[in-house]
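These notes are about the structure you will find just below.
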Amino acid sequence: FAIARSKAPDAFLLLLGGRPEQVSEHRDESGELGIGEHCRFAGQVSRDLAQRATLYASVLTSSRTIGSNTPLKIYEHLASGVPLVATRIGSHTQVLSDDNCILVDPEPDAMAAGLVAALLGGEAIERRVTNARALYDEHYSPAGYRHKMRRLFDLVARRFAGVPVSRGQRSAEPRAR
């Protein structure tokens with residue numbers, strides 16, 4: 001954030017999450033970098049509070065450097081209408097792409113460049129936000145989930161009833177294993 005703030009001096013960081021020792025470490029580090037008064041470290045908060053904070057955010061981030069499972073917050077971030085900057089690691093790229101967020105290498109300079117790009121906005125950023133919402137609506141929203149389940153149940157019912165399913169229908173439907 002210190003690197004990004006040098007290019008976006010009005011930026012303010014609100015960091016939600018983290019164990020108490022992590023919060024303390026980051027708070028100390030921000031003071032040493034001279035940006036402590038431009039940062040707030042809230043530690044772990046309720047899901048409700050995190051969702052409310054999203055309403056006021058200019059940029060959302062997921063800065064994981066390791067991990068194999070997609071963080072649940074990613075789905076809510078996609079729906080938020082707020083630009084998302086995320087590290088280009090497997091747990092993010094299972095869902096995210098350059099079309100729906102700003103993917104960056106898990107390095108401070110790259111994250112800073114992504115933050116600045118998101119803060120500056122523009123047509124490319126707005127397109128990503130629009131694509132993120134469309135992805136959420138189609139695949140991860142309650143309506144999208146219900147649609148997938150209806151397709152799956154229809155396919156199972158057809159097979160159970162002995163109704164042949166053409167090869168094209170199979171490829172468009174989820175595969176049960």
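Screening L13, L15, L33 for a side chain to side chain contact (heavy atoms under 4.5 Å, CB included) involving C39 leaves a single residue, L13.
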Can you give the donor-acceptor pairs under 3.5 Å from side chains of residues 51-60 to other protein atoms, not counting sequence neighbours?
{"unit_1": "Q51", "atom_1": "NE2", "unit_2": "E76", "atom_2": "OE2", "d": "3.0"}
{"unit_1": "R52", "atom_1": "NE", "unit_2": "D48", "atom_2": "OD2", "d": "3.2"}
{"unit_1": "R52", "atom_1": "NH2", "unit_2": "D48", "atom_2": "OD2", "d": "3.1"}
{"unit_1": "T54", "atom_1": "OG1", "unit_2": "A50", "atom_2": "O", "d": "3.0"}

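The shortest side-chain heavy-atom distance between I89 and T65 does not fall under the 4.5 Å cut-off. With a 4.5 Å cut-off on side-chain heavy atoms, E138 and H147 do not count as touching.
Minimum interatomic distance between G17 and V23 (heavy atoms only, all atoms of both residues): O-CG2, 4.0 Å. Listed here is the closest heavy atom pair of A11 and H38: O-CB, 4.2 Å.
T70 contributes no side-chain N or O that, together with a main-chain N or O of H92, makes up a donor-acceptor pair within less than 3.5 Å.
Within a 6.0 Å radius of CD in E123, other residues, nucleotides and ligands contribute 12 heavy atoms or fewer. Annotation for Y145: atom OH does not count as buried by contact number, only 12 or fewer foreign heavy atoms lying within 6.0 Å.
A single hydrophobic cluster is not seen to contain both V116 and I102; linkage of ILVMFWY side chains at heavy-atom distances under 4.5 Å, directly or through other members, places them apart.
We find that R133 and D137 are joined by a salt bridge, their nearest charged nitrogen and carboxylate oxygen being less than 4.0 Å apart.
In this structure, L135 CG and D99 CG are separated by 10.0 Å, a value rounded to the nearest 0.5 Å.
Listed by first and then second residue, the ring-ring contact (aromatic ring centres under 6.0 Å, His included) pairs that reach into residues 68-88 are Y75-Y140, sequence neighbours excluded.
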